[in-house]
K.L.:
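Got a structure here, written out as structure tokens. Questions coming.
Here is how names work: the chains are called A, B, and so on, in the same order as the sequence lines, proteins then strands, and each is numbered from 1.
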Amino acid sequence: DARVTQTPRDKVTEMGQEVTMRCQPILGHNTVFWYRQTMKQGLELLAYFRNRAPLDDSGMPKDRFSAEMPDATLATLKIQPSEPRDSAVYFCASGLAGASTDTQYFGPGTRLTVL
Amino acid sequence: GDSVTQMEGPVTLSEEAFLTINCTYTATGYPSLFWYVQYPGEGLQLLLKATKADDKGSNKGFEATYRKETTSFHLEKGSVQVSDSAVYFCALTPMFSGGYNKLIFGAGTRLAVHP
């Protein structure tokens, strides 16, 4: 049963610290998405990768957030420095662009708390 | 731009009651339409989808019909269970999405089913 995995599941950190979240997409998927979920804003798309190349990161605060795909099996989202307003659940999703099914498969999320 | 509007929650029902969660969309052409479900503490899971007008998506007793004339994709279930308690998200993928399956989500509707 192929699944998207994310680590860590929970992260508590202090303001100013660097946070790195990791995602392993489903093997063979060529698209990766990062979302942020908060009570206030709902689900927001932060970044999108296709074939490891970033195609859309317009939803991401550029000054402190960065997203990369070092290889096809790993996507990372970094926040440096972190701020309390970054507290949220961060989801990674993967999919297969161009396929007849345009479904995204979500990971379990990383719950980030910045104190 | 493209958008999704769904009814505000929470929706509170007794077990075995009939469920309707309204969803309407604004989009150019023929988007693909989805319902995702998020159980407490988990990521989003695809519940059902429809890719063209008059298609009916169904899964686990839930169903929704793609209505182009009313730009709607209402979710229904004839008899809800306590285990259906979750947050339900209506979403679309734009018809002209640049070749990738970008999802646009509604705000989510929380469903609480009590015995």
Side-chain angles (χ1 to χ4, degrees), chain A residues 1-10 21 23-26 29-59 88-111, chain B residues 1-10 21 23 25 27 29-52 55 57-59 64 66 73 86-110:
Chain A
D1 186 20
R3 297 187 183 198
V4 175
T5 58
Q6 291 186 248
T7 56
R9 292 295 308 274
D10 282 281
M21 292 169 270
C23 167
Q24 183 172 15
I26 292 173
H29 282 184
N30 60 358
T31 60
V32 171
F33 300 81
W34 282 104
Y35 292 90
R36 177 170 61 184
Q37 185 180 40
T38 61
M39 291 294 293
K40 189 174 181 181
Q41 300 293 335
L43 274 162
E44 303 173 276
L45 178 66
L46 297 176
Y48 161 74
F49 288 78
R50 184 174 183 180
N51 296 324
R52 296 177 54 202
L55 291 192
D56 183 357
D57 60 1
S58 58
V89 181
Y90 291 81
F91 289 105
C92 174
S94 71
L96 190 59
S100 59
T101 171
D102 44 7
T103 301
Q104 290 185 25
Y105 296 84
F106 282 74
T110 294
R111 181 177 297 277
Chain B
D2 297 347
S3 65
V4 176
T5 303
Q6 55 183 113
M7 61 189 287
E8 285 191 30
I21 300 178
C23 171
Y25 67 90
Y30 293 85
S32 295
L33 301 175
F34 303 82
W35 277 100
Y36 277 82
V37 59
Q38 184 179 28
Y39 298 103
E42 299 184 11
L44 280 72
Q45 303 173 26
L46 178 66
L47 181 60
L48 54 85
K49 60 183 281 190
T51 57
K52 59 183 188 292
D55 264 4
S58 62
N59 186 25
Y66 189 143
F73 194 54
V87 180
Y88 292 81
F89 292 90
C90 186
L92 67 83
T93 295
M95 184 178 184
F96 305 109
S97 59
Y100 72 93
N101 46 345
K102 175 180 179 177
L103 275 171
I104 297 171
F105 286 96
T109 302
R110 182 175 299 277

K.L.:
Heavy atoms only, distances under 4.5 angstrom: which of A:Gly109, A:Pro108, A:Cys92 has the most pairs with chain B? Name it, please.
P.N.:
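The residue among A:Gly109, A:Pro108, A:Cys92 with the greatest pair count is A:Pro108.
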K.L.:
So, taking the atom named CZ in B:Phe89 and the one named CD in A:Gln37, what distance separates them when rounded to the nearest 0.5 Å?
P.N.:
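One gets 5.0 Å once the value is rounded to the nearest 0.5 Å.
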K.L.:
Of all residues at least two apart in sequence or in a different chain, which pass the salt bridge (charged side-chain N to carboxylate O under 4.0 Å, His left out) check with A:Glu44?
P.N.:
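Salt bridge (charged side-chain N to carboxylate O under 4.0 Å, His left out) list for A:Glu44, sorted by chain: A:Arg36.
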K.L.:
Which bit of A:Arg111 is near chain B, if near means a heavy-atom gap under 4.5 Å: side chain, backbone, both or neither?
P.N.:
neither
K.L.:
Among B:Ile104, B:Leu44, B:Leu103, whose side-chain contact (heavy atoms from CB on, under 4.5 Å) with A:Leu43 holds?
P.N.:
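For A:Leu43, the side-chain contact (heavy atoms from CB on, under 4.5 Å) test succeeds with only one of B:Ile104, B:Leu44, B:Leu103, which is B:Leu44.
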K.L.:
Take a 6.0 Å sphere around OH of B:Tyr39 and say whether it holds more than 12 heavy atoms from other residues, nucleotides or ligands.
P.N.:
yes
K.L.:
Looking at B:Glu42, B:Gln45, B:Gln38, which makes the most heavy-atom pairs under 4.5 Å with chain A?
P.N.:
B:Gln38
K.L.:
Test of understanding: with ring pair (Phe, Tyr, Trp, His ring centres under 6.0 Å), list the residues that count as partners of A:Phe91, not counting sequence neighbours.
P.N.:
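Scan of A:Phe91 (ring pair (Phe, Tyr, Trp, His ring centres under 6.0 Å), adjacent residues dropped) gives none.
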K.L.:
Taking B:Tyr36 for its side chain and A:Gln104 for its backbone only, find out whether a donor-acceptor pair lies under 3.5 Å.
P.N.:
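The answer is yes, because a donor-acceptor pair under 3.5 Å joins these two groups.
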